[in-house]
Amino acid sequence: MQSRRWFGGAGFSFADDPVTETLSQAIRGTGEELDREPDTGVLFGSLRGSVVGLRYYTGVVNKGEMVSLVRQPQNPYDRNAVMVANVYGSQVGHIKRELAVLLANIMDNNLARVEGVVPFGVTNQFTMSVVLSFWGREENRDAVVRQITSRSFKLQSGPTGTHTHTHTLTQLKNAFDNLFENLMDDKIGEREAVEAVCTPLLPHQKQALSWMCACENNAALPHFWEVKGELFYNTLTHSSVRERPRRVRGGILADDMGLGKTLTTIALILSNFHHGKPLCEPVSDQLDQHVRADVKLNVYLYYGSERNRDTHFLSSQHMVLTTYNVLSADYSVSGGWVCGSASPLHTVRWLRVVLDEGHIIRNPNTQQSKAVLKLNTQRRWILTGTPIQNNLRDLWMLVAFLRLKPFDVREWWNRVIQRPVTQGDKTGLQNLQALVKCVTLRRTKTSRVCGRPLVSLPERSVRIEEVELTQKEREEYELARTEGRTTISRYVAEGTVLRNYADVLAILVRLRQFCCHPGLLGKTTTHTGVVAVTPAELRERLIMKLRLVLGTGSDEECAVCLDSVRLPVITHCAHVYCRPCIAEVIRSEQEQARCPLCRGQIKASELVEFPLEEEEEEESNLLENWRSSSKVEALMSSLLRLRSEDDSIRSLVVSQFTRFLTILEIPLREEGFKFVRLDGTMSQKRRAQVIQEFQSDAPGSPLIMLLSLKAGGVGINLSAASRVFLMDPAWNPAAEDQCVDRCHRLGQKRDVVITKFIVKGSVEENMVKIQRQKQDLVEKAFGTKNPSERKTSRVDEIRALMEL
DNA sequence: ACCGCCGGGTGCC
DNA sequence: ACCGCCGGGTGCC
């Protein structure tokens, strides 16, 4: 409950501009149809046309201004009519009749998205030029070109706006990942909370409060607005308006988890109630911790079937809490608009709406998001610790909720931000950065305010504990290593490492598993490399490879989206991608589709998925023939020593191999440790239970949590633990850091000690070396590597790992 | 619109 | 004159 909440301060009313709203809604409506084809689309070309009937309408346009084209099938004079509107939705004119026939055809059949730019501005009061560009899917290109030429219009090829500066995919990804970083502005002052707040605010929280108050009250426009004479000029869309654009009253508070976003927001809300207003005993969870007991605040929890839907009652509350589910349920029942049964929360005119855990509503297509966008409020806030998950499109929802005009209309967001950025246009990215910066405050735990760290955390130290293998283990390990080296050095000599990447990974994984415990190997695979004979055999082999790539938590990246693989499939050339990513490659390249990693031919019918059965059998086997390993022994002696020294210290035991966690349960039980386990297979509900149990300081609560490296995503709080045992090195040092951050965070009272177990004279030692190099690279903060360099360095990595 | 188009007025040079 | 030419009226879809 706590996580899905918004606050509304009731009782204020304000007038919206109904004309602009309806028109932009009309335009938004048409935009969403095409938006199912997200940011895809290539430029087919452009042509010059004319807009007529200017003198009948009030909409004005400048030189270079973007305009939108809206079909008017109901127009009584011409069913092919195409209306031209400026950025603010004011009608400018119509597309000339003969051209409108063409556009109507293309638009109605969804063959292309048509966009207009006015090249000269208004040269006369009757007609004007417009450059129309046609964007669509490659397979529609022919049809569009045919349509255009058959009506004897000339399609100019090539881009209209020349994008001279472009980014590579990697640069883009880096820039995007850093979008919310370095937004700190030392100029922000601090502001004390009003007396009603009893928890003292930390300096950075006072700073956030000051910033939030400024955002709600400051009249300054974002700097992409320039005042030109009587008009306000938008430098991104080249549009201008006579009336001062309404400033966003609110923003995105995107501080890291644990920096006190909720407390700051409560302080903000209370700052509106300090004129001697009576406030009542609060009911909510976190609220009563921070609000003085004698302060009376009317807070209503709007959920449950008996909730009071009376809008007068709701309006009389100082604060109403609800969940996204309740909000969207009310909204979809009432259809949002219907007068008689309108959604109560959509009827009240709020002073302020706060979206807590705002990333929950990042997908604009969900009912929840639609319901949220339709709330009627003066001030708007989004609280989130993770403003971007993966996609630029996630951001639109935030912009739309804030009504950051004109980008709350999809077309302008797509044209000015989304498409330019995804196509690597540098100015597009700069615009995006500017846009984000003007509404966002984000600090991380490592941010500094005026040279001082934001929050002071206890020390954290890392020690590497070398583990010696027993003679038997060493023999087994060397056998596997020699075998692996032979195979990999052959690939290196042939230059086919990437072609056999899954094989190579499989070998490495085996070695890493040996270092932990021989029982991890499960169904062993003899090294492949020989072409399989039957399709069934091939399939079996591919599934095995897929299992190896994924089952280890090695965090493979999909080479298409450069993100962690989701919905994994493996190609016949044994490369793993997200299914949607590779399906898109195949769809767009059709028969010529090639594997992005090795350029081998790929087909949709040959993608192999992971079968969900057959997991359990090996588990029981593991437990029956129990034996220990050097690494298990090393951990156990550390834990036993720790318990005898101080039995109040709690530990995280982390591995990438969930099976290793299962193995570790046996000696932990034997030694009488109380422990819990958190891994990626558990339901959200179960995870929350486990975390609560571990965090509890009740007597008899667990001393140890077995944790899979990637479990739980970001943000879970394990501050009860001050010891971390990293059982096996990860490819990605950031993953280890994030894991440690779960206990080294606000609320941690002790120094945090991290122990990394590394088997001496093994692939693990080499992984640690590579981790260091990677860290150096990150610290240099250069994202200059393009995808092909990336692959080369990966080959180098493998050679370094195998000492070739 | 300092255009094009329409349709009425007009008619040797 | 069932044409050409002139000049006024007119003008999105």
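Chain identifiers are assigned alphabetically (A, B, ...) following the order of the sequence lines, protein sequences preceding nucleic acid strands; residue numbering begins at 1 within each chain.
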For [X], check side-chain contact (heavy atoms from CB on, under 4.5 Å) against everything at least two apart and list the hits.
X: A:Val399; result: A:Leu404, A:Phe407, A:Trp413
X: A:Phe313; result: A:Tyr300, A:Asn308, A:Asp310, A:Ser316, A:Gln317
X: A:Arg151; result: A:Val101, A:Leu102, A:Asn105, A:Gln147, A:Phe153

For residues 75-99 of chain A, which residue pairs qualify under salt bridge (charged side-chain N to carboxylate O under 4.0 Å, His left out), counting only residues two or more places apart or in two chains?
A:Asp78-A:Arg97

Expressed in angstrom and rounded to an integer, what is the separation of A:Met128 atom CE from B:dC3 atom C1'?
18 Å

Same-atom distance (C1') from B:dC2 to C:dC13, integer angstrom
26 Å

Expressed as a whole number of Å, how far does the C1' atom of B:dA1 sit from that of B:dC5?
12 Å

Dump every N/O contact between nucleotides 11-13 of chain C and the protein below 3.5 Å, one line per pair.
unit_1: C:dC12; atom_1: OP1; unit_2: A:Tyr56; atom_2: OH; d: 3.4
unit_1: C:dC12; atom_1: OP2; unit_2: A:Tyr56; atom_2: OH; d: 2.4
unit_1: C:dC12; atom_1: O4'; unit_2: A:Gly53; atom_2: N; d: 3.4
unit_1: C:dC12; atom_1: O2; unit_2: A:His94; atom_2: ND1; d: 2.6
unit_1: C:dC12; atom_1: N3; unit_2: A:Tyr57; atom_2: OH; d: 2.8
unit_1: C:dC13; atom_1: OP1; unit_2: A:Arg97; atom_2: N; d: 2.9
unit_1: C:dC13; atom_1: O3'; unit_2: A:Asp78; atom_2: OD2; d: 2.7
unit_1: C:dC13; atom_1: O2; unit_2: A:Asn75; atom_2: ND2; d: 3.3

Before accepting this row, confirm whether a basic side-chain N of the pair A:Arg113/A:Glu411 lies closer than 4.0 Å to the acidic partner's carboxylate O.
no

My understanding is that only residues two or more places apart in sequence, or in another chain, count here; which of them pass side-chain hydrogen bond (donor to acceptor under 3.5 Å, both in side chains) with A:Thr149?
none

For C:dC3, which nucleotide in any strand shown is its Watson-Crick or wobble partner with both distances under 3.5 Å?
B:dG11

Quick check on B:dA1: syn or anti? Syn means the glycosidic torsion is within 90 degrees of zero.
anti

